[in-house]
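None of these values were measured; they are calculated from a predicted model. Here, residue 1 is the first one in the sequence, and each next residue gets the next number. Below, each value reflects all heavy atoms present in this structure, side chains not excepted, and no hydrogens, waters or symmetry copies.
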Amino acid sequence: MSDYLQRTDRPAMSEWIEQMAAHFEATEGMPLIAGRILAFLLICDPPERTAAELSHGLAASTGSISTNVRLLMRLGVISKTTRQGREAALYRVEEDRWPELVRQRMQRVTALEELTGQGLRMFSGQGERARRLRKVNEFYQWLSGEMPDLWRRWEREGKRLS
């Protein structure tokens with residue numbers, strides 16, 4: 001483990017992990033430590049880490065690591081494996097799962113089209129209220145219309161990139 005830390009414990013990498021954690025906190029509502037775990041697992045070599053290694057590498061308590069690893073597992077972005085002859089479980093990023101997570105997020109976002117449409121029906125003919133809702137609804141209608149083509153394109157092109 002010390003060889004691993006010597007190769008990776010650099011200020012730029014630590015800063016990148018913090019930036020990723022802050023991004024996940026701001027965009028996903030994820031606790032900072034969960035974002036740190038996720039960022040760390042994205043770049044660690046080898047790609048699997050025990051909870052103790054995560055705790056040491058991120059200077060976080062084992063309880064915090066345990067709680068946040070469970071959260072990340074529920075989200076499907078990391079997985080847990082065991083190896084014969086090894087007591088501790090190993091955690092790794094499930095990079096192939098990310099497109100589906102983004103698809104689910106976009107489905108939640110485009111669901112706002114239906115809600116803004118309901119608002120438009122409720123406030124129809126009410127000037128400024130209807131104008132604001134219409135503008136937002138038009139955006140979500142556009143986004144909802146674009147998503148199927150975007151995902152088909154990813155399915156075509158994403159496989160070539162892998």
Side-chain angles (χ1 to χ4, degrees), residues 12-45 47-51 54-55 57-58 60-82 89-162:
M13 190 169 293
S14 294
E15 178 60 27
W16 181 83
I17 288 171
E18 285 305 306
Q19 289 172 354
M20 289 288 284
H23 172 81
F24 290 128
E25 179 186 44
T27 62
E28 305 295 327
M30 197 180 279
L32 279 172
I33 188 62
R36 288 179 188 124
I37 293 167
L38 191 51
F40 189 85
L41 288 173
L42 274 168
I43 59 170
C44 66
D45 182 33
E48 298 175 324
R49 290 283 167 250
T50 66
L54 290 169
S55 176
L58 295 169
S61 72
T62 54
S64 181
I65 294 294
S66 176
T67 297
N68 286 280
V69 158
R70 284 193 307 273
L71 167 70
L72 294 168
M73 286 173 41
R74 277 193 310 274
L75 292 174
V77 291
I78 69 170
S79 63
K80 174 180 166 180
T81 59
T82 57
L90 295 164
Y91 301 96
R92 73 176 299 131
V93 166
E94 290 296 323
E95 65 272 7
D96 292 337
R97 179 86 170 92
W98 288 56
E100 181 57 30
L101 293 171
V102 171
R103 182 191 310 257
Q104 290 171 2
R105 180 182 313 132
M106 293 309 298
Q107 287 170 341
R108 289 190 301 271
V109 167
T110 58
L112 285 173
E113 176 193 359
E114 184 177 322
L115 289 171
T116 57
Q118 288 172 3
L120 273 174
R121 288 186 293 282
M122 187 182 332
F123 296 107
S124 178
Q126 293 192 23
E128 182 60 20
R129 286 194 230 189
R131 185 197 65 76
R132 289 190 311 258
L133 273 170
R134 189 174 306 101
K135 194 159 187 103
V136 172
N137 182 259
E138 286 169 358
F139 170 73
Y140 283 109
Q141 281 181 327
W142 173 83
L143 188 58
S144 294
E146 292 296 312
M147 292 310 300
D149 287 340
L150 183 63
W151 287 113
R152 279 191 292 278
R153 192 170 136 211
W154 168 250
E155 288 168 357
R156 260 190 339 267
E157 295 174 18
K159 290 182 175 120
R160 285 197 318 246
L161 298 174
S162 297

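Residue pairs satisfying the salt bridge (Lys or Arg N to Asp or Glu O under 4.0 Å) criterion with at least one member in residues 25-41, sequence neighbours excluded, are listed as follows: E18-R36, E28-R105. For residues 114-125, the side-chain hydrogen bond (donor to acceptor under 3.5 Å, both in side chains) pairs, not counting sequence neighbours, are T116-N137.
In summary, of the residues considered (L101, L41, L42), a side chain to side chain contact (heavy atoms under 4.5 Å, CB included) with V77 occurs for L101 alone. Checked options E48, E94, R92; the residue passing with S79 is E94 (criterion: side chain to side chain donor-acceptor pair (under 3.5 Å)).
For the residue pair G35 and M30, the shortest heavy atom distance occurs at N-SD, 3.8 Å. Between A51 and I65, the shortest heavy-atom distance links the atoms O-CG2, 3.8 Å. The heavy-atom pair separating L72 from A34 by the smallest distance is CD1-O, 3.5 Å. Looking at every heavy atom in both residues, L120 comes nearest to R134 through CD2-N, 3.5 Å. The minimum heavy-atom distance between S55 and S61, with the atom names listed, is OG-C, 3.9 Å. Closest approach of A130 to F123, counting heavy atoms only: CB-O, 3.5 Å.
We find that E138 and K135 are not joined by a salt bridge, their nearest charged nitrogen and carboxylate oxygen being 4.0 Å or further apart. Between E100 and R97, no side-chain nitrogen of the basic residue sits less than 4.0 Å from a carboxylate oxygen of the acidic one, so the salt-bridge criterion is not met.
Looking only at distances, a side-chain donor or acceptor of S144 sits under 3.5 Å from a matching main-chain atom of Y140.
We find the CZ-OG1 distance between R103 and T110 to be 11.5 Å, quoted to the nearest 0.5 Å. One finds the CD1 atom of I33 at 11.5 Å from the CG atom of L38 (value rounded to the nearest 0.5 Å). Put simply, CG on L90 and CD1 on I78 are 11.5 Å apart, with the number rounded to the nearest 0.5 Å. Note that CH2 of W151 and CE of M106 are 8.0 Å apart. Values are rounded to the nearest 0.5 Å. Interatomic distance, L58 CG to S14 OG, rounded to the nearest 0.5 Å: 9.0 Å. Distance check: C44 SG to I37 CD1 gives 11.5 Å after rounding to the nearest 0.5 Å.
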Pair E128, R131 - check side chain to side chain contact (heavy atoms under 4.5 Å, CB included), show working. CA-CA 5 Å; E128 182 60 20; R131 185 197 65 76; 2.7 Å; yes

After noting the C-alpha distance and the side-chain angles of I17 and I43, does the key distance pass the side chain to side chain contact (heavy atoms under 4.5 Å, CB included) rule? CA-CA 9 Å; I17 288 171; I43 59 170; 4.1 Å; yes

